[in-house]
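Below is one structure, written out as structure tokens; the observations come after it.
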Amino acid sequence: MLAYIVRRLLQSVVVLFMVILFSFALPYFQPEGIYTPAYSVLGTHATHANVLAWGAQYGLNHPFFVRLWNYIIALLHGNFGFSYKQGQSVYSIIATNVPRTVWLALSALLLTLVIAVPLGMLQAQRRNSVFDYAGTGIAFVLYAVPSFLLAFLLIQVFAFGLLHLPSQAPTALAPWAMFTDPVAFILPVATLTLLGVAGISRFMRGAVLDVMVQDYVRTAKAKGCSARRTLWKHTFRNALGPIITLLGLAIPGLFGGALIIEDVFNYPGLGYQAYNGALNGDLPLVIGITLLVAIFTVLGNLAADLALGIVNPRIRLERSGK
Amino acid sequence: MQIRKKLRLATVVGAAGAAMALSLVAPSVSGAATAAPSGTLTYAEAPGASPNYIFPFMSCTYFSVNNINQFQQLLYRPLYWFGLGNSAAVVDKPQLGANNPNGLSLAAAPVMKNGNKTVVINLGNYKFMSGQAVNGQSVQFFLNLYKADVALKKGADYCGYNAGFGIPDQVTSVTHTAKTVTINFNTSVNPNWILYNYLSEITPLPTTWDTIGGNEEGCATGAYGAATTNSKCMAVLKYLQAKALNLSSYSSSFWQSGVDGPYTVTHFDTLGNVTMVPNKTYMGPQASQVAVVKEIPFSTSTAEENALRAGSVDLGYVDPSVLTSPSPGPLKVGANWGPVASRYNLVTGGTWGFSYAAYNFQSGSPEAKFLDQLYIRQALQEGVNQAGIIAKLDKGYGLVNFSPLPYGISPTLGHQPKQLYPYNLTSAKALLAKHGWTMSGGSLTCTNPGTGASQCGANINKGDVLTITYLYGGGTPSFTAEVNTIVSAWQSLGIKATATAEPFNQVIADCAAGKTTWSVCDWGAGWIYAPDYYPSGEWGFTPGAGFNIGAYNNPTMTSIIKTTTFGTAKLSQYASFFEQQLPVMFQPNGEGTGEILKTLKSTIGFAPNPLQNFNPEYFHF
Amino acid sequence: MTADLITQDAPTSVEMPVPMWRQRLKIFTQNKLAIASVLYLLIVTLFCFLWPHLHPTNQTNQNLAINNPINQSPNSQFWLGTDSSGFDILGRIAYGGEYSLTLGFLAGIVTIVVGTLYGMISGFLGGVVDTVMMRVLDAFLSIPYLFLLITLVTLFARTASLLILTIGLTGWWGTARIIRADAMLIRNLEYSQASVTMGASKWHIIRRHVFPNSISNIVTVATFSVADAILFLSTLGFLGLGLQAPQTDWGTMLQNGAELIPNGYWWEVYPLAAIFILVVVAINYIGDALRDAFEVRLLER
């Protein structure tokens with residue numbers, strides 16, 4: 001087990017290195033090369049000398065591999081670099097925004113699971129019933145609605161139509177705003193949750209159906225286990241595996257999806273910062289946030305694999321046997 | 001020549017002159033008894049543009065409306081205050097004498113001496129919160145920092161620096177007494193130019209900032225330009241810059257000690273939430289009448305409009321694209337936007353600047369030979385349907401633009417702009433035909449090359465197709481539509497015009513980096529004359545100027561511009577020549593459309609300020 | 001949350017030999033909703049490509065369009081009204097649809113081609129190559145897709161072909177994983193091993209065993225990829241990073257319309273929203289039905 005974790009961690013380091021390599025190389029392909037952001041940072045009136053001085057300040061005058069090396073060394077000291085545009089270290093921007101996005105994404109994720117997992121299972125159990133068709137239909141439609149459109153519609157209906165819910169989340173810095181002002185989070189969290197339920201309930205239904213036709217479930221039924229017992233004891237346990245794997249993989253998507261929600265609901269967080277960073281050519285910020293999400297993802301996948309081993313001991317055997 | 005002017009970055013003048021700060025018409029000396037300030041005034045920051053720098057001596061990274069007009073100047077007043085109400089270039093001067101009330105400017109009108117080679121500044125009766133008077137030394141402190149930065153770092157730390165011009169490069173010496181500062185130049189200068197562009201940018205600094213963490217360092221008291229002063233000032237500058245990067249320190253007593261404006265900061269965070277309360281020791285003409293001023297950040301203008309619909313801001317803005325009924329005329333308002341009409345009043349105002357797209361005259365550009373021809377520039381200008389763009393895409397909230405001097409905003413500096421090339425496709429077509437262009441294969445092709453009056457012009461060969469590559473900053477629907485209005489009109493003339501959208505920062509990079517892949521560059525923001533307010537042309541229309549991105553070079557233009565900066569010539573001659581020569585493509589000037597809470601009051605009315613100044617001290621509930 | 005959710009559906013087993021195509025087609029055609037989806041897609045596609053010829057409207061000349069009334073409600077001249085730039089909306093839905101459908105389809109194809117090749121090579125070769133390729137894939141998979149998409153379209157000019165390549169080249173990661181899993185499964189199947197011992201070349205194995213077994217997954221995933229590509233294109237449109245004017249796409253149009261929802265200009269957003277959502281639903285439903293048709297277990301019954 002320990003050896004497995006160590007091996008996975010080493011793999012993760014390799015993966016993160018590749019993310020760094022990739023995000024470092026990409027800007028070199030811009031029309032004006034890595035100096036391109038200078039013009040948006042310094043304004044149109046910057047002279048060529050200004051641009052060069054600015055580049056030197058950020059070490060852009062060094063060759064690619066020197067920059068890469070310096071970045072990695074700094075990273076090991078917890079230094080994510082300095083934002084071109086915001087006049088702060090990337091670390092401090094991340095530190096401000098991580099809790100905000102994580103609260104938003106986590107609460108939506110939890111709510112999603114609480115709704116989608118039972119929903120998917122019930123649908124599978126009552127396959128081809130009206131309930132199943134309704135659930136599938138709603139999931140299909142929600143899945144097809146662009147997130148920004150859903151957000152706009154929810155705002156129009158529930159903020160300015162029926163319930164007069166707040167149309168935006170508080171911009172106050174405090175990460176605990178979610179608890180002091182929960183009403184303001186209803187719409188953003190609801191939007192994310194609806195979008196999540198659309199995917200996960202379908203997935204859960206499929207996973208349960210897959211398990212249900214497998215031999216041991218049939219055996220359990222044949223042995224006279226009650227339908228409910230079969231569903232929860234055998235099917236659920238076995239269908240949980242794919243869901244856990246999926247959750248590990250879904251982390252980047254969570255942050256990506258939060259981007260649109262943060263933008264529409266005026267709730268600056270990691271996604272919004274990354275988006276603005278990209279628009280402004282603030283590459284250290286974009287790279288820093290990308291790397292952070294990559295770290296989350298790698299850790300999330302590791303955690304998912306370990307959890308999988310707990311839920312289903314067979315997995316561990318398979319892996320070690322490989 | 002390069003005179004830098006602050007460009008309105010990232011906001012589109014034509015379409016989203018959204019974030020106009022609001023201030024009031026004509027200041028008046030407040031004689032009325034002041035009631036205790038009450039209420040919280042909530043102000044909507046422009047989308048994605050929040051204040052993030054407090055130190056007034058700043059590099060181009062921070063040189064923006066959100067830092068200068070909407071934040072720093074509420075705390076730290078500049079030596080000369082420009083722009084109140086709907087006027088841009090009013091200087092509000094104090095009357096001198098111990099018992100006379102102050103004006104918004106910290107000093108009386110500068111006195112020119114010695115054949116315009118010396119300027120004397122007489123300071124009024126202001127005090128910093130530290131208790132120190134805003135005196136000659138505090139002005140010299142700023143100038144010493146500036147000089148040191150130029151001497152040691154070529155001016156890299158102050159964005160207003162213009163190599164070779166004005167302050168500090170043409171300054172031979174600076175001396176001060178308690179109430180006066182004397183600046184000597186090595187040449188005669190135009191008094192307006194030096195006041196509007198240089199003295200306007202000086203922010204007096206308190207002695208408490210003359211430090212590198214310990215005692216007074218001696219930058220403020222040192223002799224101007226001396227090597228020891230320079231090295232001390234550089235150390236101080238580094239210390240202050242490092243401190244300014246710590247945004248959570250902005251509400252500290254260190255930064256408050258330099259406050260001589262009407263407000264002090266009590267809360268500031270990295271998301272752009274700013275809370276300010278009145279400076280109780282403010283000595284200006286109008287103390288704050290509200291107890292708290294809050295600035296809140298917005299991700300998009302739609303999010304801000306949602307806040308207006310919910311009534312959670314007092315001063316906000318709408319994008320003209322959502323307005324349902326058009327404006328009845330220039331600088332007039334039509335019916336307000338339905339969802340907010342019950343709570344807010346719509347206001348509008350112009351901008352102290354002009355909107356244009358640059359032409360590329362660089363010899364390496366394959367399309368420069370076309371743009372070199374005045375008649376082609378005239379034809380292109382006649383293809384710009386300004387009235388149509390304003391009426392439909394801007395809902396009437398725009399001004400037809402045909403002069404480098406801001407039109408429709410007082411003062412016009414003694415010039416009445418003339419529209420020489422209004423929208424007229426018939427005339428444009430005839431003009432091109434007259435010069436030997438005929439349609440061939442769907443495009444205008446030169447069939448009569450040569451330099452005669454009825455020929456295509458120099459360097460244009462027989463068979464050349466009239467081609468224009470139009471680069472613009474995409475992303476804003478109404479601005480995209482504006483550019484495509486222009487380009488499709490050109491196409492209908494037979495010009496082979498193509499429009500390419502790029503993200504804003506890419507457009508700037510591609511246009512400013514001497515590239516030859518574009519022939520028209522439109523970043524959508526034009527130019528705003530602030531905080532160097534003199535609308536002369538040396539920044540963009542003389543050879544080698546900092547923002548002469550298309551390498552425009554016309555000797556007559558150059559000499560006219562020179563007379564407006566060093567001589568005493570008025571701007572009228574320059575503007576007339578510019579209007580006729582069309583070194584740029586004029587496009588409509590956007591108006592700023594603001595929303596003001598109906599319960600908000602002011603004794604002297606409301607109007608968005610052309611310089612985007614924000615004077616919340618004049619508002620009350 | 002993430003558009004990969006449906007494409008990364010629960011693993012399907014491929015233990016049985018490939019059933020007959022006709023049988024599969026029968027299963028598919030028995031699914032009435034699937035047929036309805038196909039018909040709907042056909043009608044929308046025909047509308048988008050034919051309507052501009054049947055009822056030509058100006059969709060490119062902005063200078064002429066601003067002569068029209070803007071934000072005009074539906075009337076006899078403009079059947080679905082005009083938008084904020086003065087364009088006829090019914091014609092614009094067709095005009096934008098041409099781009100959205102074509103781009104979505106082509107990006108989906110790029111996705112599936114790249115993903116299939118990558119997954120197959122990796123899964124079939126195995127060993128060190130597989131390890132390296134999978135770590136590279138892990139790296140891609142841990143980057144938020146939307147961040148990368150936005151960064152790419154802000155770094156480079158947004159032509160239609162670039163959007164296809166960007167969406168296509170960034171969307172294949174999930175596909176590659178699924179296909180690789182298939183390839184590995186099949187590689188480890190005994191009959192593949194038998195082929196190897198019998199001297200068959202590796203390429204022969206890919207052609208005869210790996211590819212046919214994966215084809216069900218490839219077709220299904222391809223369908224979902226097209227739906228996802230259309231959705232992602234609309235997200236780019238919302239962020240102002242869609243196609244350049246005078247071209248337009250449904251995402252850009254939806255964004256413009258959504259901003260005007262408070263004004264009550266229903267004709268600028270709801271008709272298109274309905275068409276758009278149903279298109280994505282239909283494509284996804286077809287994908288679902290295809291998977292059912294390929295599903296071995298269902299054939300048994």
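A note on names: the letters A, B, ... follow the listed sequences, proteins ahead of strands, and every chain is numbered from 1. As the structure is a prediction and not an experimental result, all values here were calculated from the model.
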Looking at C:Phe105, I want to see if its CZ is surrounded by more than 12 non-hydrogen atoms of other residues, nucleotides or ligands under 6.0 Å.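 No.
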Mark yes when over 12 heavy atoms from residues, nucleotides or ligands other than B:Lys332 sit less than 6.0 Å from its NZ; otherwise mark no.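 Counting other residues, nucleotides and ligands, NZ of B:Lys332 stays at 12 neighbours or fewer.
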Are side-chain heavy atoms of [X] and [Y] found at a separation under 4.5 Å?
X: B:Thr324; Y: C:Tyr265; result: yes
X: C:Asn63; Y: B:Leu425; result: yes
X: C:Pro262; Y: B:Pro339; result: yes

C:Leu241 versus chain B, the contacting section by heavy-atom distance below 4.5 Å: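 When you check distances to chain B, no heavy atom of C:Leu241 falls under 4.5 Å.
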Measuring heavy-atom distances to chain B, does C:Ser85 have an atom under 4.5 Å in its side chain, in its backbone, in both, or in neither?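 Interface part for C:Ser85: both.
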Which heavy atom of C:Gln244 sits nearest to which heavy atom of B:Thr500, and what is that distance?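 Closest heavy-atom pair between C:Gln244 and B:Thr500: OE1-CA, 3.6 Å.
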Residue-level contacts of residues 383-393 of chain B with chain C, using a heavy-atom cutoff under 4.5 Å: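 When heavy atoms of chain C are the reference, residues 383-393 of chain B contributes B:Asn385, B:Gly388, B:Ile389, B:Lys392, B:Leu393 within the under-4.5 Å range.
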For the pair B:Ser488 (side chain) and C:Gln62 (backbone), establish whether a donor and an acceptor sit closer than 3.5 Å, ignoring hydrogens and angles.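 Yes: the side chain of B:Ser488 pairs with the backbone of C:Gln62.
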Checking C:Asn71 against B:Lys395 for the side-chain contact (heavy atoms from CB on, under 4.5 Å) test, could you report, in this order, the C-alpha distance in whole Å, the side-chain angles of both residues, the deciding distance, and whether it holds? CA-CA 11 Å; C:Asn71 298 320; B:Lys395 303 281 167 55; 3.9 Å; yes
Which residues pass the side-chain contact (heavy atoms from CB on, under 4.5 Å) test with B:Ser365, sequence neighbours left out?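 B:Ser365 satisfies side-chain contact (heavy atoms from CB on, under 4.5 Å) with B:Asn360, B:Glu367, B:Ala368, B:Thr516 only.
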Nearest 0.5 angstrom please: C:Asn256 CG to B:Ser321 OG, how far?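 Atom-to-atom, C:Asn256:CG and B:Ser321:OG are 8.5 Å apart.
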Answer with side chain, backbone, both or neither: which region of B:Ala499 has an atom nearer than 4.5 Å to a non-hydrogen atom of chain C?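 It is the backbone, since no side chain atom gets that close.
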